[in-house]
Amino acid sequence: MTGLHARVGVERPGFTLDLPLDAAPGEVVALLGPNGAGKTTALRALAGLVPLTSGLVELDGVPLDDPARDVFVRAEDRPLGMVFQDYLLFPHLTALENVAFGPRARGTARTAAREQARSWLARVGLAEVASAHPSALSGGQAQRVALARALVTEPRLLLLDEPLAALDAVTRLVVRSDLRRHLAEFAGTTVLVTHDPVDAMVLADRLVVIEDGRVVQAGAPTEVARAPRTEYVARLVGLNLVRGTAQGTTVRLVGGGVLHVSEPAEGEVLVAFAPTAVALHRDRPTAGSPRNTWEGRIDGMDQHADVIRVSVDSQPPVLADVTTAAVADLDLTPGARVFATLKATETQVYPA
Amino acid sequence: MMVPALLGLAFLVLPVVAVLLRTPWSALPHQLARPEVLESLRLSLVSAVLATAICLLLGVPLAWVLARSELRGRGLVRALVTVPLVLPPVVGGVALLLLLGRRGVLGQYLDAWFGISLPFSTAAVVIAEAFVAMPFLVISVEGALRAADRRYDDAAATLGASRWLTFHRVTLPLVAPGVAAGAALSFARALGEFGATITFAGNFPGVTRTMPLSVYLALETDPEAAIVLSVVLLVVSVLVLATLRGRWLSGVPR
Amino acid sequence: MQPHDVCRARTPRRVTIASAAIGLVCVLSAAGCADGPGPGPASSPGASGSSHVGGTVTVFAAASLTGTFTALGHAFEAAHPGTAVRLSFAGSSALAQQILAGAPVDVFAAASPETMSQVTGAAPTGRAVPVVFARNRLEIAVPAGNPGHVTGLVDLTKPALRIALCAPQVPCGAAAASVFVAAGLTPAPDTLEQDVKAVLTKVELGEVDAGLVYRTDVIAGGDAVQGIDFPQSSAAVTEDPIVVLPDAPNPTAAEAFVALVRSAQGRTVLSAAGFDVG
């Protein structure tokens, strides 16, 4: 069996991580989750920097960590590359020496190692900074040096820990698309840790969402984005998510209230709908097609790209995206009384 | 803050200023031209350099163990490391004699089996100096290792580096300023060492008579010469330390 | 003896901090202690006209006199209740430097007339004329059992043996140099120690096969060392002079202390320690 086959079990006082994770060569899996969910611990366990307390890590059929059988291959003996959150480029070495470090450590002769490093620096578009020390590199350059350093040894497993988190928004855009290209060319398995849904969506073939050390949802990015299963995922992908019991097209919500949907369903369901599908009114709408109307108070407003995301404290609480013009016209301010409407056809219903 | 800081500085510097004020500068060239002065100066420098090398060789690994290992009883080890700091140097010298002397706990076997007798040799000077100087290096390097980001070690491991490679290619360069500071302190301590040296190594011109011993003996008969010799020792140590620090620290960016 | 111990004896039942503080005052001014609250009669520098012995007497003595002068100090205090003897032992020349630097000292006992003359000057007069109260001579000290089979001064010229001498800059070294000259021998030392006690220590520990020390040191060394007499030792008989210093804060007591050292009692103590008092 090729690729990564793992069940990452790490037990610590007050924290248990139990993460089944399988990925084929060439596949990019993103571990997504809130802070403290265990993403980085999982990555470090895969790298061999943290030993498993239970479970198994196998790469291309070779067991790397199997506490039950007393197998543990140390990090330096695993065929992997890792990009750390703040890159951890060795400050006393030049960019070239940083990239050449891996091949040298794995026994490549100095000249050959430097040649490989030089070619990888060129590949990430940084041939000209080869002799610079990390302190002289921009954030984007440092990220690419770190990527080159991880990839130069042609690992079978590439681990990326928040690879874009340290970058500003503009740089991030550029580096993200570069990274996507490099990942597409990479023959091994990639596991990426992020808390940014956009990174996950753009870079990964598959998402694994973990909360509190457990998998809460896994699947292709589009699936996850369309049908979030937890509040956290819904917020990540920018959807409203409510839970309730369906009887035909009527859903009685867990927190009280009723939602009308277009697709009939029975039993426990989740209903997702986009903030853009929610309209806001100052007066109770009397006519119109939307089947769902809630009354509530605005309890928060955020600029979100080119719209304003308004949080309405109603039953259920909803997020609504409105234009700046609408905010002005309707005189929407925190505390204001509003009516939110939603067409039944804008909802996604799926079993809980 | 400024007033106590200035007082502190004055406290440290004024005694030296007093020496400089009372130095018969005209006697300086004459003293420096004396072969026995040059000899003891050379002996001082050579033995202090060797002692510093021993401190580095043994002290850095010890500091690493103290800072990085999960060893049980590390607190006790750390306390033991500082023993030479609190021990009066003369007592340290006696302790070395009792261990390595001709009838010492280990020394008797060195003598019987290998015909090696350490006391009254230049090797004994180096050992005595290393004994009193090593704690400075260990404490300084351990502090640097504790402050260093251990995740660099992780990064090196994921790149395939063994622990030893990681240690000397990554960890050590990262703590180079701490190592340099520790080495400078050790060197300074070794250069000024008197009590343990005269007790363990004795005092013989060209073999074990370092500058501090020369100063002490000069004080017996010719206090003026003693002051001049002190100034020479002072100037040389300041020069060496300034050069070494500059060179070592410039090798590391930032 | 610690200075503040002496003071505490004169100021019973005072808290330790206070006595330590008074001890400090003692260091700064020997007379200050006598003025302190104590059972003895007050004595100040100005009261030197009185023949009554009291207060504190500060004695600087060569390190070789440590045992004898400590004993004599106790004897003095016993003979003159209410007095305290404050003793400071070190190499004579270090003590001489301290006296020249202004240390308030009543009595100075040196290990050589040369060192003494550093303090008294070349031509002292009156009370400031030092008197020799004891003589000492060199002996070869060997570790118990004499592992180097040393029999005489000529053995100290053998490079194969480990030999410790005093550095020529200190009195015992100068004396050693004299006896070698007198014997027409060139010694082969392995170390030139900073004082005679350091030579003795090396002999006691067996680190050297022989050392030249004073006869008193051989006796002080007890069972760990053996002494070997040699005829040339007469070439360098050292003389220990004692003097009441011109600036003595407590000259009356100082005179009394010197008198004790030179008395029959003092001579008994000194000769038991190996000094020649004849």
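Computation of the quantities below employed the complete heavy-atom set of this structure, encompassing side-chain atoms and omitting hydrogens, waters and symmetry-equivalent molecules.
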Counting only heavy atoms not in [X], do more than 12 fall under 6.0 Å of its [atom1]?
{"X": "A:His182", "atom1": "NE2", "result": "yes"}
{"X": "A:Glu128", "atom1": "CD", "result": "yes"}
{"X": "A:Phe15", "atom1": "CZ", "result": "yes"}
{"X": "B:Arg163", "atom1": "CZ", "result": "no"}
{"X": "A:Arg181", "atom1": "CZ", "result": "yes"}
{"X": "A:Arg180", "atom1": "CZ", "result": "no"}

pair [X]-[Y]: side-chain heavy atoms closer than 4.5 Å:
{"X": "B:Arg151", "Y": "A:Leu49", "result": "no"}
{"X": "B:Asp154", "Y": "A:Arg44", "result": "yes"}
{"X": "A:Pro91", "Y": "B:Tyr152", "result": "yes"}
{"X": "B:Arg169", "Y": "A:Arg104", "result": "no"}

For B:Asp149, is it the side chain, the backbone, both or neither that has a heavy atom under 4.5 Å from a heavy atom of chain A?
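Interface part for B:Asp149: side chain.
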Keeping A:His92 on the side-chain end and B:Ala176 on the backbone end, is there a donor-acceptor pair under 3.5 Å?
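Judged by distance alone, no pair lies under 3.5 Å.
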Check whether any side-chain N or O of A:Arg78 sits under 3.5 Å from a backbone N or O of B:Thr158 as a donor-acceptor pair, and report yes or no.
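Checking the backbone N and O of B:Thr158 against the side chain of A:Arg78, no donor-acceptor pair under 3.5 Å is found.
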Of all heavy-atom pairs between B:Ser162 and A:Glu76, which one has the smallest distance, and what is that distance?
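B:Ser162 and A:Glu76 have their closest heavy atoms at CA-OE2, 4.0 Å.
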Distance-minimising heavy-atom pair for B:Ala161 and A:Phe101
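Here B:Ala161 and A:Phe101 meet closest at CB-CE2, 3.6 Å.
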Let's test your reading of the structure: which of B:Val170, B:Leu165, B:Thr166 forms the most heavy-atom pairs below 4.5 Å with chain A?
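Max contact count across the listed options: B:Val170.
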At a 4.5 Å cut-off on heavy atoms, which part of A:Leu159 comes close to chain B: side chain, backbone, both, or neither?
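Neither the backbone nor the side chain of A:Leu159 comes within 4.5 Å of chain B.
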